[in-house]
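Before any comments, here is the structure.
Heads up: numbering here begins at 1 and tracks the sequence.
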Amino acid sequence: MLREDPLKPLNAGRIIVAAGCTTVALACQTEAAPVPDVPYATRDSAGILIAENTGLPSPENRWVVEAEPFLTIGGVSAAPPAQFTVVTQAARFGDGRLVVLESETSELRFFDAEGQHLRTTGGRGEGPGEFHYASTFVRLPGDILLVEAIDRYISFASNGDYLSEWRIDSADLVARKRAACGPSALLADGSRFHCALGRPEVGDRWGSRLVAQLLRATSDGTEVSLGFYVGADEGVLFSSGTWVASGGSPMIVAIVNNPEYSVEVWSPEGRLMRIIRRVYGRRAPTDREVEAAMEMAMRPPPMGPAPARPEIPDLVPASLGLTVGSQGDIWVRRAPMRGMQDESVFDAFDPEGRFRGEGRFDGYFWLYEVGDDYLLGARLDEMGVPHIQLHRLVRRST
């Protein structure tokens with residue numbers, strides 16, 4: 001099973017983070033990032049546009065996220081429908097309403113534009129519209145919500161009414177040597193992606209790490225290749241595997257294969273359209289991060305041999321999360337490891353692959369959706385309780 005769930009840190013019992021949330025203007029410079037004379041350049045390589053970013057955007061080209069959220073839902077003192085434990089997805093409708101997927105209770109919770117609870121639907125069970133666990137949902141045309149609930153796909157209307165559902169034939173996937181991979185198998189258009197098992201011919205680029213062919217499966221059963229899914233290297237601290245995200249109109253699929261800072265942008269038809277790179281975008285782990293990560297890695301298992309001492313990399317992976325915005329913009333979440341986030345940092349790239357700056361949040365912040373003029377995410381407070389937050393986004397461009 002290749003599935004990797006990035007949203008487990010939103011469980012209040014698993015993580016403690018710093019209190020408060022402060023977002024600064026995008027493109028705040030890190031100490032290690034040099035500023036060369038040419039911050040952005042593109043070149044063509046056999047029909048694939050390669051966008052290389054080596055510096056910081058000018059002030060007039062920076063995207064800006066307002067420091068204070070203009071809407072917050074949640075907290076221990078909130079009304080019960082606004083108290084969250086494990087949030088795995090959220091979205092905002094055009095009229096300002098919000099829907100939040102609470103995994104702990106298997107519920108879709110709907111709120112109005114002011115954050116007042118409207119309705120709760122779903123719930124644990126096998127009945128119509130019920131499910132035991134859901135990793136995500138996507139918003140289809142007509143604001144239909146398609147929920148991925150393990151091997152069931154359930155659709156709801158924008159007001160929460162149950163519409164229909166169907167099951168995935170898991171036995172057929174196994175027979176064809178297909179497996180779930182990544183944090184979710186659902187793409188923004190309702191199609192699915194999975195991995196073809198069996199190591200493909202990729203040379204020695206990823207050494208002994210698990211590599212599988214990443215495929216997009218349409219409703220008629222057609223499979224389209226979208227590159228590779230690469231697993232984490234368990235012998236290296238901070239190691240992370242592949243992250244995949246989709247979105248935009250027309251839809252694109254973005255892929256990051258850690259540890260290098262290189263984002264592949266694919267069309268749904270399987271054409272590699274663009275590669276985005278940020279030179280000097282990675283950084284060295286801090287002493288505190290190494291100490292905490294080593295302590296966690298060397299913790300003896302309940303049974304079996306003691307773990308081998310892992311390798312300490314010179315640089316942390318490029319990505320620990322990936323989001324595609326409504327305009328085809330790409331947001332890379334950078335962090336060394338789960339459970340240690342004193343700060344959450346996002347790199348923003350426009351649809352052409354130009355770096356538009358860094359967004360920084362105190363503590364743990366997970367980004368669910370980027371609209372034309374907002375960011376929707378969840379921040380954990382000092383007790384590990386999720387707060388749903390909306391921040392204004394200003395897309396500057398000269």
Side-chain angles (χ1 to χ4, degrees), residues 1-7 88-91 99 101 108 131 133-158 163-197 200 212-230 241-257 263-274 321-331 351 368-370:
M1 195 71 164
L2 302 177
R3 183 180 296 275
E4 179 181 359
D5 188 354
L7 298 169
T88 55
Q89 186 58 282
V99 56
L101 176 57
L108 288 172
F131 46 90
Y133 171 79
S135 59
T136 191
F137 65 78
V138 295
R139 188 157 37 118
L140 302 178
D143 281 340
I144 293 175
L145 303 176
L146 182 61
V147 176
E148 179 191 9
I150 308 179
D151 62 346
R152 298 165 64 208
Y153 290 84
I154 310 170
S155 60
F156 295 87
S158 62
L163 297 177
S164 63
E165 67 180 79
W166 64 93
R167 291 184 179 271
I168 299 300
D169 189 345
S170 300
D172 176 66
L173 292 178
V174 172
R176 294 190 293 116
K177 297 185 178 180
R178 302 292 187 260
C181 52
S184 169
L186 201 56
L187 280 78
D189 64 349
S191 60
R192 307 181 308 278
F193 74 79
H194 46 241
C195 284
L197 301 181
Q213 190 76 35
L214 187 62
L215 303 172
R216 171 177 171 262
T218 60
S219 58
D220 63 1
T222 302
E223 292 184 337
V224 178
S225 175
L226 295 176
F228 299 111
Y229 180 92
V230 184
T242 295
W243 294 88
V244 183
S246 61
S249 181
M251 188 186 81
I252 61 170
V253 180
I255 302 171
V256 174
N257 286 314
V263 182
E264 297 178 358
V265 180
W266 292 76
S267 73
E269 295 75 31
R271 180 172 64 90
L272 179 58
M273 302 185 298
R274 189 185 309 274
L322 191 64
T323 304
V324 175
S326 62
Q327 298 185 12
D329 42 314
I330 293 171
W331 296 70
Y368 297 117
E369 184 175 273
V370 179

Looking only at heavy atoms, which two atoms of [X] and [Y] are closest? And how far apart?
X    : Y    : value
V324 : A254 : CG2-CB, 4.0 Å
C195 : Y229 : SG-CB, 3.5 Å
A179 : H194 : O-CB, 3.2 Å
S170 : D151 : OG-CB, 4.0 Å
V265 : L272 : O-CD1, 3.6 Å
L215 : S225 : CD2-CA, 3.9 Å

Pairwise distance [atom1]([X]) to [atom2]([Y]) - rounded to 0.5 angstrom:
X    : Y    : atom1 : atom2 : answer
R192 : T218 : CZ    : OG1   : 8.5 Å
W331 : E369 : CH2   : CD    : 12.5 Å
I150 : I168 : CD1   : CD1   : 12.5 Å
Y133 : E148 : OH    : CD    : 8.5 Å

**OP:** With L214 as reference, evaluate V224, N257, I255 under the side chain to side chain contact (heavy atoms under 4.5 Å, CB included) test and give the passing residue.
**Re:** I255
**OP:** Show your reasoning for whether side chain to side chain contact (heavy atoms under 4.5 Å, CB included) applies to V99 and F137.
**Re:** CA-CA 10 Å; V99 56; F137 65 78; 3.7 Å; yes
Is it the case that the side chain of [X] and the backbone of [Y] share a donor-acceptor pair, with hydrogens and angles ignored and the cut-off at 3.5 Å?
X    : Y    : value
R216 : L226 : no
R271 : E269 : no
Q213 : G227 : yes

**OP:** Check step by step if side chain to side chain contact (heavy atoms under 4.5 Å, CB included) holds for V138 and L187.
**Re:** CA-CA 7 Å; V138 295; L187 280 78; over 6 Å; no
**OP:** Check the pair I252, R274 against side chain to side chain contact (heavy atoms under 4.5 Å, CB included), reporting the backbone distance first and the verdict last.
**Re:** CA-CA 10 Å; I252 61 170; R274 189 185 309 274; over 6 Å; no
State, yes or no, whether a side-chain contact exists between [X] and [Y] at a heavy-atom distance under 4.5 Å.
X    : Y    : result
R139 : L145 : yes
S246 : V253 : yes
L146 : I144 : no

Original post:
With distance as the sole criterion, is a donor-acceptor pair present between the side chains of Q89 and T136 under 3.5 Å?
Top reply: yes
**OP:** Please determine, by modelled atom types, if S164 and S155 share a side-chain donor-acceptor pair under 3.5 angstrom.
**Re:** yes
Original post:
Using 30° and 60° as the class limits, which term best fits the ring planes of Y153 and W166: parallel, tilted or perpendicular?
Top reply: parallel
